[in-house]
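Below is one structure, written out as structure tokens; comments come after it.
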Protein chains: 2
Amino acid sequence: MSKGVNLKELSKKLNLSQTTVSRALNGYPEVSADTRKRVAEMAEALGYAPNSQARRLATGRSMAIGHVIPRSIHEMMNPIFLEFIAGAGETYSKHGYDMIISVVEDDHEEDAYRQIASRKKADGVIVHGPASDEHRHELLKELNLPFVVHGRIPGAEEETSWIDMNNRRAFERATNLLLDLGHTRIALLNGLEQMDFAKRRRRGFESALEARGHVADPDLMRSSDMTEPFGCENAMEMLKSDNPPTAFLVSSMITAIGVARAVGQCGLQTGKDVSIITHDDALSFLPNSGEIPIFTCTRSSVRFAGQKAAELLLNMIANPGGKPTSLHLDAELIVGQSTGPAPSR
Amino acid sequence: MSKGVNLKELSKKLNLSQTTVSRALNGYPEVSADTRKRVAEMAEALGYAPNSQARRLATGRSMAIGHVIPRSIHEMMNPIFLEFIAGAGETYSKHGYDMIISVVEDDHEEDAYRQIASRKKADGVIVHGPASDEHRHELLKELNLPFVVHGRIPGAEEETSWIDMNNRRAFERATNLLLDLGHTRIALLNGLEQMDFAKRRRRGFESALEARGHVADPDLMRSSDMTEPFGCENAMEMLKSDNPPTAFLVSSMITAIGVARAVGQCGLQTGKDVSIITHDDALSFLPNSGEIPIFTCTRSSVRFAGQKAAELLLNMIANPGGKPTSLHLDAELIVGQSTGPAPSR
DNA sequence: CCGGACATCCAAACCGCTTTGGATTTCGAT
DNA sequence: ATCGAAATCCAAAGCGGTTTGGATGTCCGG
């Protein structure tokens, strides 16, 4: 209601020292119950809230987590990224942390991290979209900035904290389902393969094929930003080829929608003439649920991952010096309307 | 490189007072060029960067902009929201501002704003997704917190700063195009009509129809979260009805994709049997560009809107006491593959 | 040679909170 | 009555910057 009351004024009003008022408000034991109550009431009445900058300066903790997002990431991973952020944000606000997001030019990412560290802008950061050739973790270690990776950094799994889904296994299972349905010509529309997750998915796909004595056909494997047109154009091209695939394994719902469009445009029917399995990040604006979801999918909620990543990070910050901890989520394989037995020809 | 140098240490190293060092670094005139250079070099060498909390406390400006996003918004507007954020973020970092995002439970939104104000967490905020029945601006005025609205608050256009596209006019023009093509049964798949933008779009649609002597058929108007299934299910239902529409006017690409799916499933062809015009927010992961875009659309880049909104707000903060200023963006009407003359029957 | 205008630089106050290191009081136990 | 522990509370010292109000030195015209 009222405004601008600070600790000094509040304590004067109460005829108490700032020390006592501060302690009363922050739950320290050396304050009598009476006093505490009196303080709380007056604070409430005067609408007192501690200035966060001052508190941060005094405590040395910024009570904020940073997310550095270079343009390239958010163009690629746009919706997935936000969903993750939203999840993380829920955890932060539950724990009184702020989330600060830096959108930076691609070649300023390192700068951004350095600034966060040197200016003490955040107590920790989340590393998004680790590449196969990843180096941010080294920088962050040097900067002494706690971090959690969304995904895994190849070769640094033991020494970093991360949260990831089991990409390889999910795609292995999906591929097996298609094989079980009789499909042998299976296309893979994957995310950019400089990203770690995409590489893992491909490995899952290939190893499932190989285990059954098949070999992945390079002509049927494409890798790109996961847009809708990427799905449509490539599916179209493959479907019109001499030896078209009967099934598609796709890395994102959006791309899968593109594939479905291509299937339609070719006069074919999804789930009958052509099967599609997609990974489903459970994005809220692209629901794929219901009794029989539209798309057969491997599903793993990226929002949930965000929540957990934040928890991991806050834990690290609260208990410094601990061992890195990680979380391995398993994707569900859910059968929907987009798969069926391979057409006999 | 090195770490933890603060102003005191830096100035000691230089045999200068903190005052002088601070002034040299911040470009004040009362420092000789020599000294300034010496200071700059030493600061560089020692890797000095001012602690942002301390600076904030001293200057009284938090150098941050807040975005409060209740769950309901980010479930609805997910991808659009992020694109806007990304645009705003670019502007912020260009000006040395931080972006802080609070994800809050729906009924804690007011609290979030109060906290930002009382704890001085941000120097201003962006108001997202104004409803027809909007009150946040009143709260923010009471809190004396500068803000810019993305969209418009009905009845408060004059007294608030906002950035918006011309929703009514865009949908009017789109409707006219359809009418020109001979369509008379046109369906409207709109966003939630408690949102201001959706209401405006509907008005544009209706007034274009009326101007040509038609009346909007309530059976052909639906309003909901702009998901893909919303488009598919409703289009399906309408197309199977006795008196199906020959064209759809849709509020979002994602929903339009759903409509296209329904069209395909009905064995019809988009752009021939059924025309679709959608609004296109120019989301990066849903490109609808190229020589002949897939969808005929009204296009307005929401990322650009984000950039501009941020500029508006930073201006307000830099020049307090100014009159509210606003920006009215015009959407382009772009003809793509999804429209054609109404089928003669 | 003097006084004032500039150009430089500095000591200290301040921003608003937390926290250290007592001071004072209370009270049961000896 | 005496003592030490426990319970309360406080003055003051930070945290790391910015900014105010001089102090000092230099240069120039008169």
Side-chain angles (χ1 to χ4, degrees), chain A residues 2-40 42-43 46-64 96 98 115-123, chain B residues 3-40 42-43 46-64 96 98 115-121 123:
Chain A
S2 45
K3 53 166 181 178
V5 206
N6 59 20
L7 226 204
K8 203 204 284 189
E9 291 160 14
L10 175 59
S11 54
K12 194 165 298 172
K13 211 101 181 174
L14 283 160
N15 265 339
L16 284 173
S17 73
Q18 295 190 29
T19 310
T20 304
V21 176
S22 169
R23 286 189 159 149
L25 257 25
N26 291 320
Y28 282 71
E30 51 270 86
V31 179
S32 72
D34 283 1
T35 313
R36 190 186 303 279
K37 186 160 164 246
R38 204 161 64 85
V39 170
M42 183 64 85
L46 266 55
Y48 167 77
N51 178 306
S52 39
Q53 329 296 349
R55 175 192 289 228
R56 285 163 181 184
L57 178 57
T59 57
R61 302 189 310 147
S62 69
M63 295 302 283
D98 284 340
Q115 285 221 358
I116 289 177
S118 64
R119 318 182 95 111
K120 308 266 161 56
K121 285 197 173 190
D123 297 330
Chain B
K3 52 163 182 182
V5 207
N6 62 18
L7 188 60
K8 202 202 283 188
E9 292 160 14
L10 175 58
S11 55
K12 192 166 297 172
K13 211 102 181 173
L14 283 160
N15 264 339
L16 285 172
S17 73
Q18 294 190 28
T19 309
T20 304
V21 176
S22 170
R23 286 188 158 151
L25 257 23
N26 290 321
Y28 282 71
E30 51 272 86
V31 179
S32 73
D34 283 1
T35 313
R36 189 186 303 280
K37 188 163 163 244
R38 206 161 63 86
V39 170
M42 184 65 86
L46 266 54
Y48 168 76
N51 178 305
S52 39
Q53 329 296 349
R55 177 194 288 233
R56 285 164 180 182
L57 176 56
T59 59
R61 304 189 308 149
S62 71
M63 295 300 285
D98 283 341
Q115 286 221 358
I116 289 176
S118 63
R119 318 182 96 111
K120 307 265 161 50
K121 285 196 173 190
D123 297 328

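What's counted below: heavy atoms across the whole structure, side chains too, no hydrogens, waters or symmetry copies. Order of the sequence lines sets the chain letters (A, B, ...), proteins ahead of strands, with each chain counted from 1. Owing to the predicted nature of the structure, the values given are computational and were not obtained by experimental measurement.
If you take NZ of A/K12 and P of D/dA11, they are 12 Å apart, rounded to a whole angstrom. Rounding to whole angstrom units, CZ of residue A/R119 and P of D/dT18 are separated by 10 Å. Per the geometry, CG belonging to B/L25 stands 14 Å off C1' belonging to D/dG16, to the nearest Å. Remark: C1' of D/dG14 and CG of A/L57 are 9 Å apart, rounded to the nearest angstrom. Distance CD (A/Q53) to C1' (D/dT18): 14 Å, rounded to an integer number of Å. Going from atom CD of B/E30 over to atom P of D/dG22 covers 16 Å, rounded to whole Å. In this entry the distance linking CZ of A/R61 with C1' of D/dG16 reads 18 Å, nearest Å. Atom CE in A/M63 sits roughly 17 Å away from atom C1' in D/dC15 (whole-Å rounding).
Under a cut-off of 6.0 angstrom, the local environment of CZ in B/R61 is sparse, with at most 12 non-hydrogen atoms contributed by other residues, nucleotides or ligands.
Here the shortest heavy-atom pairing between A/L16 and A/V39 reads CD1-CG2, 3.7 Å. A/N51 and A/A54 get closest at one heavy-atom pair: OD1-N, 3.0 Å. When all heavy atoms of B/V31 and B/R36 are compared, the closest pair comes out as O-NH2, 3.7 Å. B/L46 approaches B/L10 most closely through the heavy-atom pair CD2-CD1, 4.2 Å. The two atoms that bring B/S52 and A/K121 nearest to each other are OG-CG, 3.5 Å, heavy atoms only. Of all the heavy atoms in A/N26 and A/R55, the pair that sits closest is OD1-NH2, 3.8 Å.
At the heavy-atom level, B/Q18 lies under 4.0 Å from base atoms of the strands shown. Looking at heavy-atom distances under 4.0 Å, B/T59 makes contact with sugar-phosphate atoms alone, never a base. Within the nucleic acid shown, B/N15 comes within 4.0 Å of sugar-phosphate atoms alone, with no base atom in reach, counting heavy atoms only. Residue-level contact check: A/S32 touches the backbone only, with heavy atoms under 4.0 Å from sugar-phosphate atoms and none from bases. Nucleic acid contact for B/R23: base, since at least one base atom lies under 4.0 Å from a heavy atom of the residue.
Taking only side-chain nitrogens and oxygens, A/T35 comes nearer than 4.0 Å to OP1 or OP2 of D/dC9. Taking side-chain N and O atoms only, B/N51 has no distance below 4.0 Å to OP1 or OP2 of D/dC15. A sub-4.0 Å separation between OP1 or OP2 of D/dC9 and a side-chain N or O of A/Y28 is absent.
Residues A/K120 and A/R56 have side chains not in contact (no heavy-atom distance under 4.5 Å, counting atoms from C-beta outward). Annotation: side chain of B/E9 is not in contact with side chain of B/K12 (no heavy-atom distance under 4.5 Å). B/V21 places none of its side-chain heavy atoms less than 4.5 Å from the side chain of B/Y48.
Extent of DNA chain C lying under 4.0 Å from chain B heavy atoms, first and last nucleotide in 5' to 3' order, is C/dT8 to C/dG16.
Axis orientation changes by 60° from one end of the helix from C/dC1-D/dG30 to C/dT30-D/dA1 to the other, with each end axis drawn from 5 pairs and the value rounded to 10°.
For a distance-only test at 3.5 Å, the side chain of B/S22 fails to qualify as a donor-acceptor partner of the base of D/dT19.
When each of B/R36 and A/R55 is assigned the nucleotide of DNA chain C bearing its nearest heavy atom, the one mapping closer to the 5' terminus is B/R36. Taking for each of B/A54 and B/L16 the nucleotide of DNA chain C with the nearest heavy atom, the 5'-most of the two is the partner of B/L16.
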